[in-house]
*Asks:* 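Please find one structure pasted underneath; my questions will follow.
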Amino acid sequence: MADRRSDSEDGARAKRQKMDVVDPKDNPYLAHMYEGPTDSDKSSPLAKLKRHQTTAALAKQAEDGDINPFSGKPFSSKYFSILKGRRDLPVHAQRDEFLKLYQQSQILVFVGETGSGKTTQIPQFVLYDDLPQSQRKMVACTQPRRVAAMSVAERVAAEMDVKLGEEVGYSIRFEDKTSSKTCLKYMTDGMLLREAMNDHNLARYSTLILDEAHERTMATDILMGLLKEVVARRPDLKVIIMSATLDAEKFQRYFNDAPLLAVPGRTHRVDIFYTPEPEQDYVEAAIRTVLQIHATEDEGDILVFLTGEEEIEDACRKIQMEGDEMIREADAGPLKVYPLYGSLPPHMQQRIFEPAPPPARPNARPGRKVIISTNIAETSLTIDGIVYVVDPGFSKQKIYNPRIRVESLLVSPISKASAQQRAGRAGRTRPGKCFRLYTEEAFKKELIEQTYPEILRSNLASTVLELKKLGIDDLVHFDLMDPPAPETLMRALEELNYLSCLDDDGNLTHLGRLASEFPLDPALAVMLISSPEFYCSNEILSIVSLLSVPNVFVRPASQRKRADEMKNLFAHPDGDHLSMLNVYHAFKSPVAQENPRQWCHDHFLSLRSLQSADNVRMQLLRIMEREELDMVSTPFDDKKYYENIRRALCAGFFMQVAKKEAQGKSVYSTIKDNQNVLLHPSTVLAHDAEWVLYHEFVLTTKNYIRTVTAIKPEWLLEIAPTYYDINSFPKGDIKSALMRAADRLSRKEKLRSEKRK
DNA sequence: ACAAGCGAA
């Protein structure tokens, strides 16, 4: 019932929104769409265009006119100079071919290599044929990353000579830059998925373009499955799947043999070199290769792929040292080395775009820039001027083990597709070279073709909840491009059932429906929704926000001791969740807010993380208020202030609990899975806690649990009685500890009832 | 005694 009501409300809201749309009839340039052509329409730039019958020549005429058909304003001179460049893009040569296929079929697979212009041009080709404003609909183009959605929208707005946010806009988390005039919207794939939850038919769109589909993000994969169903319900909806070449046929097959159009890219030749023998130590080999390139190869910058922050910082130091020595002893050109990884602050990331250093003196050997990067440079960031790529063939990849319900990062060999993508980075401005630090034999026989899509490597609890919210009840028969293992699906269903988000028949419960409203993992959402019952929703909201952003504690290698001292200022003896809350409260205090940047710097905290936690908090707060969940606190001087918070943590994370193996020992054992784990060295937990709740399981050289807080087994019995049904535990230490806790509870209860008498 | 690939809502 509740569901239907909220859906119809959303429908009404959508309708209201559409009422705001400027009536196309008021736009003289669109008038022909509503009435037969009259004399005055002959001057309209779109007058000759009939929906789904446009040819390249007709579209060009409209583009070459004096008046912008989408805004009704005269074209600027800048527009025409950009237009000239656009016509040189490879996609432009096949505009007619594209239009024909687009018009003929409901789904189209479009393959465009880098430099083809697909992301900017195809949506515009669609606009001039689909004329979405005539249907009071929009064209949307999805991107896997927020920055891409923003920057492409900005570029296309300039190309179309309109103001960003008007006819062309973008929509990402925290920012909706669209208006009632918008007919082309760039957005993240995750955002479109969110919209689909409230509008199962995606009714506001006439054409949906999924870009970078080859990246196979979780959101893209689910959207593809969903769109397969939506196109059957909506014959008027058109779908374009855009991908890099590699697995185009797989997309075609998946979409019932949809037609395919391939457009070549514009890149330069890259020569590939392999090592004759396998390398023992890829980091050492990478360093050696960089120095060799610097000594023997022509001018041109170098890009090296390594796997993580520590490895990269280490390699940077070594290369810089050796490079300086080469300059002194062999008169080599100057060498500048830059690290690049996601957690690097933006101004440090920007430095990779600095030009290579100049020669030491006129006519001396040219300088060279070396960038040592994670696979962030494989897809998210492109750097022009790279001529040499060093590819050791590894990256950190997420893997999921459903048996112990643990996601972890593992250094693994990359795929052939990844290797190709990396090599391509050398040929963006001129012919380049790629040095693969593995044998040709290994490339051919040992590397898999494609990296496994994320959906096969993840815990699916939040995905299953999303699918249920999307109205997909039969998960087993939902047509995904790569269906996950049944065990992974079972684990997710089980987890959601324990969280009371799904009932025993697998149907969404009231709690589950509420949880799906939050952009959070189910355990976090359940914890947040339950927090008013523990009189601490304000505090749990802060903790949830902090858990949703990168680590707030900064620990530079050179000042570890000082950073740890600062962290101890915020430490709470009962654990990390409470310490994070202390940090947040301190950050929001007037003293800190006077100069947040300085304050964070002084306290070894990440301003960026704290600000984004604040942002997330505001977004979540709005949802709490919308769903009428109370924002309450226990008074700070009440002795239950922290206990209430720790109890609320149990409401979401009762499945992530570990018990100490033996008094005085540091080894813990997880409940039910009986994994031996250690407290992560970063914890501030001060005392010898017998029971701890943890946020993350980290698998590195050892098994660690990170972000831990001390709890009591009595709370678990009270808060999650089904999961902690003592009869379901095998005989042993955990069972007897739980039985003792149950005894304590009943004694307490007895005392309490006697007191009442 | 030792610690974070990327991304999204």
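Per chain, numbering begins at 1; letters A, B, ... match sequence-line order. Computation of the quantities below employed the complete heavy-atom set of this structure, encompassing side-chain atoms and omitting hydrogens, waters and symmetry-equivalent molecules.
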*Asks:* How long is the line joining CZ of Phe518(A) and P of dA8(B), in whole Å?
*Replies:*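 Whole-Å distance recorded here is 22 Å.
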*Asks:* Rounded off to whole Å, could you give me the CD-to-C1' distance for the Glu175(A) and dA9(B) pair?
*Replies:*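 My rounded result for the distance is 15 Å.
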*Asks:* So which nucleotide from dC2(B), dG7(B), dA8(B) ends up closest to the side chain of Ile376(A)?
*Replies:*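 Side chain of Ile376(A) sits closest to dG7(B).
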*Asks:* Looking at the base of dA9(B), is there any donor atom on it, or on the side chain of Arg173(A), that sits under 3.5 Å from an acceptor on the other one?
*Replies:*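 Such a pair exists between side chain and base.
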*Asks:* Please confirm whether Arg351(A) makes a cation-pi placement over Tyr338(A), using NZ or CZ under 6.0 Å from the six-membered ring centre and within 45° of the ring normal.
*Replies:*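 Here Arg351(A) fails the 6.0 Å and 45° test against Tyr338(A).
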*Asks:* Rounded to the nearest angstrom, tell me the gap between atom NZ in Lys398(A) and atom P in dA8(B).
*Replies:*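 So the two atoms are 13 Å apart, to the nearest Å.
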*Asks:* If you count every heavy atom of other residues, nucleotides or ligands that lies below 6.0 Å from Glu113(A) atom CD, does the total exceed 12?
*Replies:*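 Counting other residues, nucleotides and ligands, CD of Glu113(A) exceeds 12 neighbours.
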*Asks:* Could you please name the option among dA8(B), dC6(B), dA9(B) that lies closest to any side-chain atom of Tyr341(A)?
*Replies:*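 Closest nucleotide to the Tyr341(A) side chain: dC6(B).
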*Asks:* What is the distance from CD of Glu310(A) to P of dA1(B), rounded to the nearest Å?
*Replies:*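 After rounding, the reported distance stands at 18 Å.
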*Asks:* Would you tell me if any nitrogen or oxygen in the side chain of Lys702(A) comes within less than 4.0 Å of OP1 or OP2 on dC2(B)?
*Replies:*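 Checking dC2(B) against Lys702(A), a side-chain N or O does come within under 4.0 Å of OP1 or OP2.
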*Asks:* Is it true that the side chains of Tyr584(A) and Asp614(A) contain a donor and an acceptor less than 3.5 Å apart?
*Replies:*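 A donor-acceptor contact under 3.5 Å links the two side chains.
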*Asks:* Taking any heavy-atom pair under 4.0 Å as a contact, classify Ser682(A): base, sugar-phosphate, or nothing.
*Replies:*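 Base: the residue Ser682(A), judged by heavy atoms under 4.0 Å, touches a nucleobase.
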*Asks:* Would you kindly compare Gly308(A) and Ser548(A) by the position of their nearest DNA chain B nucleotide and give the one closer to the 5′ end?
*Replies:*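 The residue whose closest nucleotide sits nearer the 5' end is Gly308(A).
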*Asks:* Can you tell me how far P of dC2(B) sits from NZ of Lys567(A), to the nearest Å?
*Replies:*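 Interatomic distance, NZ of Lys567(A) to P of dC2(B): 17 Å.
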*Asks:* Excluding sequence neighbours, so at least two apart, what forms salt bridge (Lys or Arg N to Asp or Glu O under 4.0 Å) with Arg560(A)?
*Replies:*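 Partners of Arg560(A) under the salt bridge (Lys or Arg N to Asp or Glu O under 4.0 Å) test: none.
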*Asks:* Hey, does Val698(A) reach any base, or is it just sugar-phosphate, or nothing, if we go heavy atoms under 4.0 Å?
*Replies:*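 Since only primed, P, OP1 and OP2 atoms lie under 4.0 Å of Val698(A), the category is sugar-phosphate.
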*Asks:* Is Thr188(A) close enough to dG7(B) that one of its side-chain N or O atoms is under 4.0 Å from OP1 or OP2 there?
*Replies:*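 Thr188(A) to dG7(B) OP1/OP2: no side-chain N or O under 4.0 Å.
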*Asks:* Applying a 4.0 Å non-hydrogen cut-off, can you work out what Gln619(A) is touching in the nucleic acid: base, sugar-phosphate, or nothing?
*Replies:*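 Since no nucleic acid heavy atom lies under 4.0 Å of Gln619(A), the category is nothing.
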*Asks:* Indicate, with a heavy-atom threshold strictly under 4.0 Å, whether Ile172(A) touches base, sugar-phosphate, or nothing.
*Replies:*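 Sugar-phosphate only.
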*Asks:* Considering residues at least two apart in sequence or located in another chain, which fulfil the salt bridge (Lys or Arg N to Asp or Glu O under 4.0 Å) criterion with Lys660(A)?
*Replies:*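 Lys660(A) satisfies salt bridge (Lys or Arg N to Asp or Glu O under 4.0 Å) with Asp688(A) only.
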*Asks:* Provide, to the nearest angstrom, the distance between the CG atom belonging to Leu679(A) and the P atom belonging to dC2(B).
*Replies:*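 Value for this atom pair: 14 Å.
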*Asks:* Mapping Glu309(A) and Pro519(A) to their closest nucleotides on DNA chain B, which lands nearer the 5' end?
*Replies:*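 Mapping each residue to its closest nucleotide by heavy atoms, the 5'-most match is Glu309(A).
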*Asks:* Which whole-number value in Å describes the distance from Leu344(A) CG to dG7(B) C1'?
*Replies:*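 Result: 17 Å.
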*Asks:* Return the nearest nucleotide to the side chain of Pro681(A); candidates are dG7(B), dA9(B), dC2(B).
*Replies:*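 Ranking dG7(B), dA9(B), dC2(B) by closest atom to the Pro681(A) side chain puts dC2(B) first.
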*Asks:* Within this structure, what is the OG-CG distance for the pair Ser408(A) and Leu699(A), rounded to the nearest 0.5 Å?
*Replies:*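 Output value for this atom pair is 4.5 Å.
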*Asks:* Report yes if at least one side-chain N or O of Arg560(A) is closer than 4.0 Å to OP1 or OP2 of dC2(B); otherwise report no.
*Replies:*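 The answer is no; no side-chain N or O of Arg560(A) sits under 4.0 Å from OP1 or OP2.
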*Asks:* Just the rounded figure in Å: distance from C1' of dG7(B) to CE of Met150(A).
*Replies:*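 Rounded to whole Å, this separation is 15 Å.
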*Asks:* Among the candidates dA9(B), dC6(B), dC2(B), find the nucleotide nearest to the side-chain atoms of Tyr704(A).
*Replies:*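 Nearest listed nucleotide: dC2(B).
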